[in-house]
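Below is one structure, written out as structure tokens; comments come after it.
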Amino acid sequence: MLDQQLLRNEYKSIGKKLKFRGLDFDESAFENLESRRKSIQSDTESARNRKNHLSKQIGSAKASGADVSELMGQVDRVGAELETLEKQFTEVQEEFQAFLSEIPNLAHESVPVGQSEDENEEIRKVGEPRSFAFQPKDHVSIGEQLGMLDFQLGATLAGARFVVIRNQLAALHRAISQLMLDVHTREHGYEEVNPPFIVNAGILYGTGQLPKFEEDQFHLKDARDFYLIPTAEVPLTNIVKDRIVDLSELPMKFVAHTPCFRKEAGSYGKDTRGMIRQHQFEKVELVHIVKPDESYLALEELTSNAERILKLLGLPYRVVVLCTGDMGFSAAKTYDIEVWLPGQQKYREISSCSNCEGFQARRMKARWRNPVTRRPEPVHTLNGSGLAVGRTFIAIMENYQNEDGSIDIPEVLVPYMGGTKRIEL
RNA sequence: GGAGAGGUGGCCGAGCGGUUGAAGGCGCUCCCCUGCUAAGGGAGUAUGGGCAGCCCCCAUCGAGGGUUCGAAUCCCUCCCUCUCCGCCA
């Protein structure tokens, strides 16, 4: 959520900036809503003020034994007036909240302006795609040939966009997440967290998935308004919800390995082959909670922490900065890390690292006490995949494949595989 | 599942129908004292919102309703925490 004060004072220039993000900000609708809000709010508050005063007078009059019937009549009239005003005020407030909660974050000034992913900018490229002496296969062919990747069974057990990973490949998948957790906790200073995989609606509101992206979430059929998490960003970031954290607690750095559940509602027909886009996948997620003036440094750190995994695994990748039109709802700036997939002859997203600045913090009421202003101010929150386990798994299969259909295990993973150096039939 | 207790400011903790937005303590900030990180004295210190701003106004004592001229205090519903018993991975 944007800073309300800022929006009120600078809605014209903010409206223009939001256009870059693909939102058509209706200026006159906002002006209209604001002027209604203002007059109703001040009327309501002054009526309440009169009522409060009268009630106090009644109290002291009664104490001194005076007659209060005149005052009672007055308070009756004010009370009736207040009732209708309060109703109107509640309505206009809800309208304002609904309006505000669907506005995306503003892009940082360093973010390139653009409409779609075509206008993202490559920042750096690391590693060279391997040249194969044979036609490299994609992970689906490799996995099915090994009999360790079963999409048919996934469909039987659940439906489309599910897979069953078996045997040595399942072990590889597990090894990858263990390596990531170990590197981030032991070498990058993250606190390991094992959060709930189910959260309530208020938590999803805090990180920005609700109310606008309800259709992407798996909503449980239960009276308690439960949702499956679409990413560990949700529970990890909300660790500071409703808190005023002490300066000494910052920065906080959390890492968690969790399943992620997504409906992929808007992606019919996209990435239907293979494991690229599943309803359930695993991810190792990194979250930073930091002081505002350190958040852009933290974004670089977080991104490099994610890159480190790709370097250890020897996978070629590139880093792109997303343009204004391609960024997620809550982000002010996002780096995507894309890994080379020989099966597709393409770089594909394997991590997305974002600085959300105070956008999520304002929704969550997550604050720190600024020693300069002595006031509570929103913290800055960042998140990034470190990395998506399923996609890392695919990348290893495709990049480390041999002509005979076997897969070499990257050296760093061998200890996590009980010494296995190659997966073969 | 059964039986109890409880949810108050950054934290701890009083208050149980009206000068209580909330005692007291801790913490924090400033000042004084003290020949130097101890002790003592004084002052200040909730959050959000209205407003260009305020010593002004409004809201907030888990959440939502209700009773009342007036609710942190009374009633109802829900959520959460703790203790004991039962059950269970």
Side-chain angles (χ1 to χ4, degrees), chain A residues 1-12 30-31 33-101 194-206 220 222-227 235 238-250 252 289 291 358 361-379:
Chain A
M1 164 158 83
L2 297 181
D3 184 342
Q4 295 188 36
Q5 300 280 7
L6 196 74
L7 182 63
R8 283 177 182 138
N9 297 331
E10 300 174 26
Y11 67 94
K12 287 195 172 168
F30 179 73
E31 281 168 6
L33 182 59
E34 254 298 90
S35 74
R36 271 191 299 142
R37 195 220 93 231
K38 259 183 212 179
S39 76
I40 294 172
Q41 180 159 358
S42 68
D43 288 355
T44 307
E45 289 187 357
S46 79
R48 217 152 16 207
N49 178 235
R50 271 176 285 146
K51 190 179 177 190
N52 288 345
H53 269 290
L54 287 168
S55 293
K56 274 199 175 152
Q57 282 175 38
I58 291 171
S60 50
K62 272 196 168 171
S64 62
D67 176 37
V68 295
S69 55
E70 164 66 21
L71 287 168
M72 293 290 252
Q74 286 182 42
V75 86
D76 249 19
R77 266 170 277 138
V78 179
E81 190 189 332
L82 182 60
E83 206 170 315
T84 55
L85 280 168
E86 277 183 329
K87 215 175 138 222
Q88 289 175 27
F89 185 45
T90 307
E91 281 169 17
V92 79
Q93 268 198 124
E94 279 168 4
E95 207 177 321
F96 191 86
Q97 275 309 312
F99 184 84
L100 194 67
S101 63
N194 192 321
F197 306 153
I198 292 175
V199 295
N200 60 51
I203 296 302
L204 279 165
Y205 175 83
L220 300 187
D222 184 286
R224 286 169 292 187
D225 220 6
F226 281 159
Y227 292 82
N238 275 284
I239 286 175
V240 289
K241 178 181 156 75
D242 287 324
R243 284 194 56 205
I244 299 176
V245 300
D246 196 77
L247 183 57
S248 64
E249 294 179 73
L250 299 175
M252 298 181 188
I289 311 291
K291 283 162 54 184
R362 277 186 290 273
R363 291 178 161 244
M364 294 188 298
K365 294 185 175 61
R367 295 163 293 174
W368 69 300
R369 197 170 291 279
N370 184 334
V372 178
T373 62
R374 299 282 309 135
R375 304 200 64 83
E377 294 170 11
V379 294

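Naming convention: chains lettered A, B, ... in sequence-line order (proteins, then strands); numbering from 1 in each chain. Just so you know, these numbers use all the heavy atoms, side chains as well, and skip hydrogens, waters and symmetry mates.
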For nucleotides 71-82 of chain B, list the nitrogen or oxygen atoms of the protein found under 3.5 Å from its nitrogen or oxygen atoms, one pair per line.
none

Show the distances under 3.5 angstrom between N or O atoms of the protein and N or O atoms of nucleotides 15-19 of chain B.
from   : atom 1 : to    : atom 2 : distance (Å)
B:rG18 : N2     : A:S55 : O      : 2.8

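For the pair A:N49 and B:rC58, the criterion of a side-chain N or O lying under 4.0 Å from OP1 or OP2 is met.
Residues A:E31 and A:Y11 bring a donor and an acceptor atom of their side chains to less than 3.5 Å of each other.
Between the CZ atom of A:R50 and the P atom of B:rC58 there is a distance of 12 Å, rounded to whole Å. Between the CG atom of A:D242 and the P atom of B:rA63 there is a distance of 11 Å, rounded to whole Å. Here B:rG70 presents its P atom at 13 Å from CG of A:L71, a figure rounded to the nearest Å. To the nearest angstrom, P of B:rU29 lies 14 Å from CG of A:N370.
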Inset, instruction - Go along nucleotides 44-56 of chain B 5' to 3' and tag each nucleotide: B for a protein heavy atom under 4.0 Å from its base, S when only backbone or sugar atoms are that close, - otherwise. - result: ---SSBSS-----
Contacts table for residues 67-81 of chain A: side-chain donor-acceptor under 3.5 angstrom, sequence neighbours left out:
from  : atom 1 : to    : atom 2 : distance (Å)
A:D67 : OD1    : A:S69 : N      : 3.3
A:D67 : OD1    : A:S69 : OG     : 3.3
A:D67 : OD2    : A:S69 : OG     : 3.0
A:E70 : OE2    : A:Q74 : NE2    : 3.2

Report all side-chain donor-acceptor pairs from residues 87-96 of chain A shorter than 3.5 Å, counting only partners two or more places apart or in another chain.
from  : atom 1 : to    : atom 2 : distance (Å)
A:T90 : OG1    : A:E86 : O      : 2.8
A:E95 : OE2    : A:R36 : NH2    : 2.9

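Of the inter-residue distances, the one linking A:L6 atom CG with A:Q4 atom CD reads 11.0 Å to the nearest 0.5 angstrom. The CG atom of A:N200 sits 9.5 Å away from atom OH of A:Y227, with the distance rounded to the nearest 0.5 Å. Interatomic distance, A:T84 OG1 to A:D43 CG, rounded to the nearest 0.5 Å: 10.0 Å. The structure places CD1 of A:I203 at 12.0 Å from CG of A:D225, a figure rounded to the nearest 0.5 Å. To the nearest 0.5 Å, atoms OG (A:S55) and NZ (A:K51) are separated by 6.5 Å.
Here A:Y205 pairs with nothing under the ring-ring contact (aromatic ring centres under 6.0 Å, His included) rule; sequence neighbours left out. Taking the ring-ring contact (aromatic ring centres under 6.0 Å, His included) definition, one finds that A:F197 meets it with nothing, sequence neighbours left out. Applying the side-chain contact (heavy atoms from CB on, under 4.5 Å) criterion to A:E45, with sequence neighbours excluded, gives A:Q41. Contacts of A:R224 classified as side-chain contact (heavy atoms from CB on, under 4.5 Å), with partners at least two apart in sequence or in another chain: A:D222, A:F226.
When the C1' atom is used for both B:rG48 and B:rU37, the distance is 38 Å, rounded to whole Å. Taking atom C1' on both nucleotides, B:rG10 is separated from B:rG27 by 8 Å, rounded to a whole Å. Taking the P atom of each, B:rC55 and B:rG50 are spaced 15 Å apart, rounded to whole Å. A distance of about 47 Å separates the P atoms of B:rU47 and B:rG86, rounded to the whole Å. A distance of about 27 Å separates the C1' atoms of B:rU77 and B:rA22, rounded to the whole Å. Taking atom P on both nucleotides, B:rG41 is separated from B:rA46 by 22 Å, rounded to a whole Å. Comparing B:rG70 with B:rG1, their C1' atoms sit 42 Å apart, to the nearest whole Å. Taking atom P on both B:rG15 and B:rG6, the two are 12 Å apart, rounded to the nearest angstrom.
Between A:P378 and A:A361, the shortest heavy-atom distance links the atoms CB-CB, 3.9 Å. The minimum heavy-atom distance linking A:N238 with A:G206 is given by the pair OD1-CA, 4.2 Å.
Residues of residues 82-90 of chain A having a heavy atom closer than 4.0 Å to RNA chain B: none are found.
Of all nucleotides listed (B:rC57, B:rC69, B:rA59), B:rA59 comes nearest to the side chain of A:N52.
No side-chain donor-acceptor contact under 3.5 Å links A:N49 to the backbone of A:N52.
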Legend entry - Bracket notation of RNA chain B in which parentheses pair within the strand, [ ] cross earlier pairs, and | pairs with another strand (Watson-Crick or G-U, under 3.5 Å): ((((((((.[[[..)..(.....]]]((((((.......))))))(((((.....))))).[[[[[..)....]]]]])))))))....
Inset, instruction - Take A:I289 and A:V245 through the test side chain to side chain contact (heavy atoms under 4.5 Å, CB included) and record every step on the way to the result. - result: CA-CA 10 Å; A:I289 311 291; A:V245 300; 5.5 Å; no
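Every pair passing side-chain hydrogen bond (donor to acceptor under 3.5 Å, both in side chains) that includes a residue from residues 362-371 of chain A is listed here, sequence neighbours excluded: A:N370-A:E377.
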